[in-house]
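As the structure is a prediction and not an experimental result, all values here were calculated from the model.
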Amino acid sequence: MIGLGVATASYVGMGFYFCENEVASWRAPMGIPLFAPLAILIAIPYLPESPRFLLLKDKPQEARQIFDRLNHPSSSPEQSSVLNAEFNQMQQQAAYDRLLDGSWKGLFTTKTYRKRIILACILASLNQSTGVFVINNYGTTFYKELGFSASSRQLLQGNRDLLAFLGNFIGSWVVDRVGRKPLLLFSFAGCFLCILLEGIMVGQYADTDNTAGKNAGVAFLYIFLAFYAIGIDVGTYVYLGEMFPNHIRVKGVGLSLASLNVTAAIYLSVTGIALESMGWKFFLIFAVITFVGMIWVAICLPETRLLPLEEIEALFGNTSDTMVFITPGPHAGENESSGGEKGMMEHIER
């Protein structure tokens, strides 16, 4: 929906670019977005609270009501048993998590948490090291360098943002089918090839009359965004939301997104100067970092698909803080059979 908002903003800006009324040409694009926060304010009272949050606050009855409303309990005994097991896992894990240190100090002094903070911040920084934010913000500049008119540049930028929305939609549909890691690898590989070829197109044809070369340059920017929107944009946010235990998830995700925005700000602050001094070679920096990022994802990130949030902790070598395993198959570092359940007092004493 962020992608849809960005695309809408681009088309609104493009439409009023041709407005002859100077006041309306800037006031209308500033006023129309006011409807979005109003819609959010109206919708907030109808949004259900997270059952895991309520369990962390020791409100099991409220959590169960929302859990049942979100999962539509079936009359099938087998389905009811699965849902009961899932809620029991969430409840036992939340009871134990309330005893853990969820402070900022604990986030950095606990080894398993510190490891995930490093991994998350690297993934978030790699997200922007593809050059996506630079391309989005300097897109019209690149189109100008390729020789397109002002009106054509507006249309090209709006169409790219619409493509991002469609890519996010596709990525959201496939991420639970193929997994987070394969989707990230697919997108990093695609972005690497596109940004490399884009640099070559700009270097070869930006100052020429070769229309085919310039059109190819635009095409690679579009294909790049399709790869990014389908995999990196979707996969990064899903992975960041899953890789932290419940009691520190907000802090972990917040810190990760802070690193994403800091990385974007650094790239944007130097892009103008870099383009003047380096020209098309600036694209090669993003190509190299994206290629390294692809290798890093393949080696360092475990797959989180099909695991409850309560069991992802074990993927990062911390099975001792997982109360209940309900998914089949072995977990990292686990010696007990899956589906096992640990006694709360026994675990704390140990």
Side-chain angles (χ1 to χ4, degrees), residues 2-3 6 115-139 141-142 145 160-161 163-164 167-168 171 175 180-203 217 220-244 252-302:
I2 292 175
V6 172
K115 172 186 176 182
R116 257 163 296 174
I117 285 293
I118 294 172
L119 292 175
C121 288
I122 292 175
L123 177 61
S125 296
L126 287 173
N127 178 296
Q128 290 300 301
S129 296
T130 58
V132 62
F133 216 53
V134 170
I135 292 175
N136 285 351
N137 283 270
Y138 283 84
T141 301
F142 298 145
E145 290 294 323
R160 283 189 75 254
D161 291 332
L163 178 64
N168 286 161
V175 67
R180 290 82 170 108
K181 191 170 178 177
L183 198 61
L184 284 169
L185 290 173
F186 167 78
S187 293
F188 270 110
C191 287
F192 162 71
L193 290 174
C194 288
I195 202 70
L196 179 63
L197 294 172
E198 176 64 23
I200 295 173
M201 292 299 107
V202 173
F220 284 128
L221 289 178
Y222 271 62
I223 299 171
F224 167 88
L225 187 62
F227 276 110
Y228 175 86
I230 291 173
I232 298 176
D233 204 19
V234 172
T236 298
Y237 290 104
V238 171
Y239 202 92
L240 293 178
E242 290 179 336
M243 66 185 300
F244 294 100
V253 173
L255 193 60
S256 305
L257 295 183
S259 67
L260 184 149
N261 287 297
V262 168
T263 305
I266 292 173
Y267 285 134
L268 288 176
S269 66
V270 303
T271 294
I273 299 174
L275 287 175
E276 290 181 7
S277 61
M278 300 177 62
W280 67 272
K281 296 178 182 178
F282 186 52
F283 288 100
L284 299 182
I285 296 177
F286 295 119
V288 171
I289 298 177
T290 301
F291 181 77
V292 173
M294 177 179 62
I295 298 174
W296 178 85
V297 168
I299 296 174
C300 298
L301 295 185

**OP:** With rounding to the nearest 0.5 Å, note down the distance linking CD1 in Ile223 to CG in Leu197.
**Re:** 9.0 Å
Subject >> Pairs satisfying side chain to side chain donor-acceptor pair (under 3.5 Å), at least one member in residues 229-242, at least two apart >> reply: Asn127-Thr236, Asn168-Asp233, Arg180-Glu242, Glu242-Thr304
Original post:
Are any of the side-chain heavy atoms of Thr271 and Leu275 separated by less than 4.5 Å?
Top reply: yes
Subject >> Atom of Leu225, atom of Ala164 and distance for their closest heavy-atom approach >> reply: CD2-CB, 3.8 Å
Original post:
Quick one: ring-ring contact (aromatic ring centres under 6.0 Å, His included) partners of Phe286, sequence neighbours excluded?
Top reply: Tyr267, Phe282
**OP:** Return the minimal non-hydrogen interatomic distance between Leu240 and Ala124, and the atom names on each side.
**Re:** CD1-CB, 4.4 Å
Original post:
Which distance, rounded to the nearest 0.5 Å, do you find between the CD1 of Ile289 and the SG of Cys191?
Top reply: 13.5 Å
Original post:
Taking only residues two or more places apart in sequence or in another chain, which ones pass side chain to side chain donor-acceptor pair (under 3.5 Å) with Thr290?
Top reply: none
**OP:** Taking the side chain as every heavy atom from C-beta outward, state whether Val132 and Phe224 have any pair of such atoms under 4.5 Å apart.
**Re:** yes
Subject >> Those residues that, when tested against Ala226, pass side chain to side chain contact (heavy atoms under 4.5 Å, CB included) (two or more places apart) >> reply: Leu163
Original post:
To the nearest 0.5 Å, what is the distance between CD1 (Ile266) and CD (Gln128)?
Top reply: 11.0 Å
**OP:** Keeping to residues at least two apart or across chains, list the salt bridge (charged side-chain N to carboxylate O under 4.0 Å, His left out) pairs with something in residues 116-132.
**Re:** Arg116-Glu313
Original post:
Does the side chain of Leu221 reach to within under 4.5 Å of the side chain of Ile135, using non-hydrogen atoms?
Top reply: yes
Subject >> With sequence neighbours excluded, residues passing side chain to side chain contact (heavy atoms under 4.5 Å, CB included) with Ile122 >> reply: Ile118, Leu126, Trp296
Subject >> Close side-chain approach of Ile117 and Phe244, heavy atoms under 4.5 Å >> reply: yes
Original post:
Say you draw a straight line from CD1 of Ile232 to CE of Met294; how long is it, rounded to the nearest 0.5 Å?
Top reply: 10.5 Å
**OP:** With rounding to the nearest 0.5 Å, note down the distance linking CG in Leu268 to OG1 in Thr263.
**Re:** 11.0 Å
Original post:
Is there a donor-acceptor pair closer than 3.5 Å between any side-chain N or O of Lys181 and the backbone N or O of Pro302?
Top reply: no
Donor-acceptor pairs are to be reported for all side-chain atoms of residues 252-262 against protein atoms at under 3.5 Å, with residues two or more places apart or in another chain.
residue : atom : partner : partner atom : Å
Ser256  : OG   : Gly252  : O            : 2.7
Ser259  : OG   : Ser256  : O            : 2.5
Asn261  : ND2  : Leu257  : O            : 2.8

Subject >> Heavy-atom neighbours of Ile2 CD1 exceed 12 at 6.0 Å >> reply: no
Subject >> Listed partners of Asp161 passing side chain to side chain contact (heavy atoms under 4.5 Å, CB included), at least two apart >> reply: Val6, Ala7, Ser10, Gln157
**OP:** Check ring-ring contact (aromatic ring centres under 6.0 Å, His included) between Phe186 and all other residues, then give those that pass, not counting sequence neighbours.
**Re:** Phe227
Subject >> Where Ile230 and Ser187 come nearest, the two heavy atoms and their spacing >> reply: C-OG, 4.2 Å
Subject >> From Ile200 atom CD1 to Phe283 atom CZ, the distance as rounded to the nearest 0.5 Å >> reply: 11.5 Å
